[in-house]
Student: 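Sending over a structure as structure tokens; questions will come in a sec.
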There are 2 protein chains.
Amino acid sequence: MALRNAILATLLDGEASGYDLSKAFDASVANYWTATPQQLYKELESMESLGLITARVVEQDRKPNKRLFSLTEAGHAALHDFTTQPAKLTAIRDELLVKVRAIDAGDPAAVHQAIADRLDVARTKLARYDAMRAHLLAGRTEDDYLATSDRIGPYLTLMRGRAFEQENIAWAERTLRILEQRAAR
Amino acid sequence: MALRNAILATLLDGEASGYDLSKAFDASVANYWTATPQQLYKELESMESLGLITARVVEQDRKPNKRLFSLTEAGHAALHDFTTQPAKLTAIRDELLVKVRAIDAGDPAAVHQAIADRLDVARTKLARYDAMRAHLLAGRTEDDYLATSDRIGPYLTLMRGRAFEQENIAWAERTLRILEQRAAR
DNA sequence: ATTGGCATGTAACCAGTTACATGATTCC
DNA sequence: GGAATCATGTAACTGGTTACATGCCAAT
């Protein structure tokens, strides 16, 4: 159900193929939900059979044909209904944090490296988010954008993802410093 | 596997029952992993049969007996090994953000309420984290603690969870303000 | 020649959620 | 008298990951 709603919300941006969606939900760019291509193709089929989305086939030259999905009336209604349902607590689950928690009984150098890797990933994602932000703003100031744009959902979630990566960076930098001081004792 | 490692890391704090662990992994307090009691009892059984943990039964009066689990040598080794394995990207999956993304086609009042609910939860969690932090520091300054404590893993993950809730609060407050301004147009 | 992008899927498996079940004690 | 806490589990289901499969085109 959760993936279904994320797909419906994404299709508000306009029609998309399974492949398009698999890029949007890829863990390296996603800012509100992730999913693998396998999950998506399966879910799209079931959503189509339920009438929540419709597909049209686009023939391309030098590229495989693709099926572009878009929301139906029923899909819109289902999405609207979803926004009125109570949300449950979000579970924090982060393998890196499990490693950090275990650092005192683990391999400090390996955990140090894992944090450094996360720092790299976070910096890359932050740069991507900033590029997406500039693209959404399209030259307008934030205030102007928020006051005039007909859609603000994508901007608001992007800002949450951005803050998350900024926090990752700040935490990782500080944690690496602490570990280095301890290692130098 | 992931839950298994989280349990091993938690048992570094000392022996615990399934019930104790179910409280530690409850979504309302967890700062690095969450799990339900059902998951835990099942996983603990399998970990015991693999020799990663051992149980001792403690008889209590006016309370049911309990089984306290602790790490074995093999469990310690498995945890150490885990810290050396490459970590994969953490998936962002947040139902609230799906709602926010869909707000332009959804029920704005309901989404507003959902964000306000999240804000409450985040404030509660932050207060809890601060209490845990004070408990860990036990009167010492942070610098003193980091320099002298034999374990720092729990403190470092707690600080990440704390930053996460602070970001939740800042984002939610700002987002509510934006939505209210739009509603007042 | 090989890697990477475009485009779509099947199958087997593993992890997580929800519902159900039991029973004593303590607190309001 | 009813809800919350302590303490442990089974069973059915839903959701997510990993491995495997195909085939063309563009770029290095």
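Since we're looking at a predicted model, the values are computed, not measured. When reading the values below, keep in mind they use all heavy atoms of this one structure, side chains included, and skip hydrogens, waters and symmetry mates. Protein chains get the first letters and strands the later ones, always in sequence-line order, with residue 1 at the start of each.
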Student: Taking A/D130 as the fixed residue, which of A/R162, A/K125, A/H135 is the one that meets the side chain to side chain donor-acceptor pair (under 3.5 Å) rule?
Tutor: A/R162
Student: How close or far is atom C1' of D/dA11 from atom CD of B/Q39, stated in whole angstroms?
Tutor: 15 Å
Student: To the nearest angstrom, how far is B/K63 atom NZ from D/dT8 atom C1'?
Tutor: 15 Å
Student: Starting at NZ of A/K42 and ending at P of D/dG16, how long is that distance when rounded to a whole Å?
Tutor: 10 Å
Student: With respect to the phosphate group of D/dA26, does any side-chain polar atom (N or O) of A/R62 fall under 4.0 Å of OP1 or OP2?
Tutor: yes
Student: So what does A/R93 hit on the nucleic acid, given a heavy-atom distance under 4.0 Å: a base, only sugar-phosphate, or nothing?
Tutor: sugar-phosphate
Student: Could you label the plane-to-plane angle of the A/F164 and B/F164 rings as parallel, tilted or perpendicular, counting under 30° as parallel and over 60° as perpendicular?
Tutor: perpendicular
Student: Set out, in order, the CA-CA distance, both residues' side-chain angles and the distance that settles side-chain hydrogen bond (donor to acceptor under 3.5 Å, both in side chains) for A/R56 and A/S70, then state yes or no.
Tutor: CA-CA 8 Å; A/R56 74 181 177 95; A/S70 48; over 6 Å; no
Student: Nearest 0.5 Å please: distance from the CG atom of B/D143 over to the CG atom of B/L137.
Tutor: 10.5 Å
Student: Both A/E45 and A/N65 contact DNA chain C. Which one's nearest nucleotide lies toward the 5' end?
Tutor: A/N65
Student: To the closest 0.5 Å, what do you measure between CZ (A/R182) and CD1 (A/I103)?
Tutor: 9.0 Å
Student: Under 3.5 Å, is there a donor-acceptor pair linking the side chains of A/R123 and A/N168?
Tutor: no
Student: Between C/dG9, D/dT10, C/dC6, which nucleotide gets closest to the side-chain atoms of A/Y41?
Tutor: C/dG9
Student: For the pair made of NZ in B/K66 and P in C/dG23, what is the distance, rounded to whole Å?
Tutor: 22 Å
Student: Nearest heavy atom decides the nucleotide; on that basis, is B/K23 or A/Q38 closer to the 5' end of DNA chain D?
Tutor: B/K23
Student: Using whole Å, report how far CG of B/D61 lies from C1' of D/dC6.
Tutor: 13 Å
Student: Which residues in residues 10-21 of chain A have at least one heavy atom lying under 4.0 Å from any atom of DNA chain C?
Tutor: A/S17, A/G18, A/Y19
Student: Just how far, in rounded Å, is P of C/dT17 from CG of A/L3?
Tutor: 16 Å
Student: What is the separation between atom CG on A/L68 and atom C1' on C/dA7, rounded to the nearest whole Å?
Tutor: 12 Å
Student: How many Å lie between CG on B/L44 and C1' on D/dT10, as a whole number?
Tutor: 16 Å
Student: Salt bridge (charged side-chain N to carboxylate O under 4.0 Å, His left out) between B/E165 and B/R133: does it pass, once the steps are laid out?
Tutor: CA-CA 14 Å; B/E165 296 308 337; B/R133 179 163 181 261; over 6 Å; no
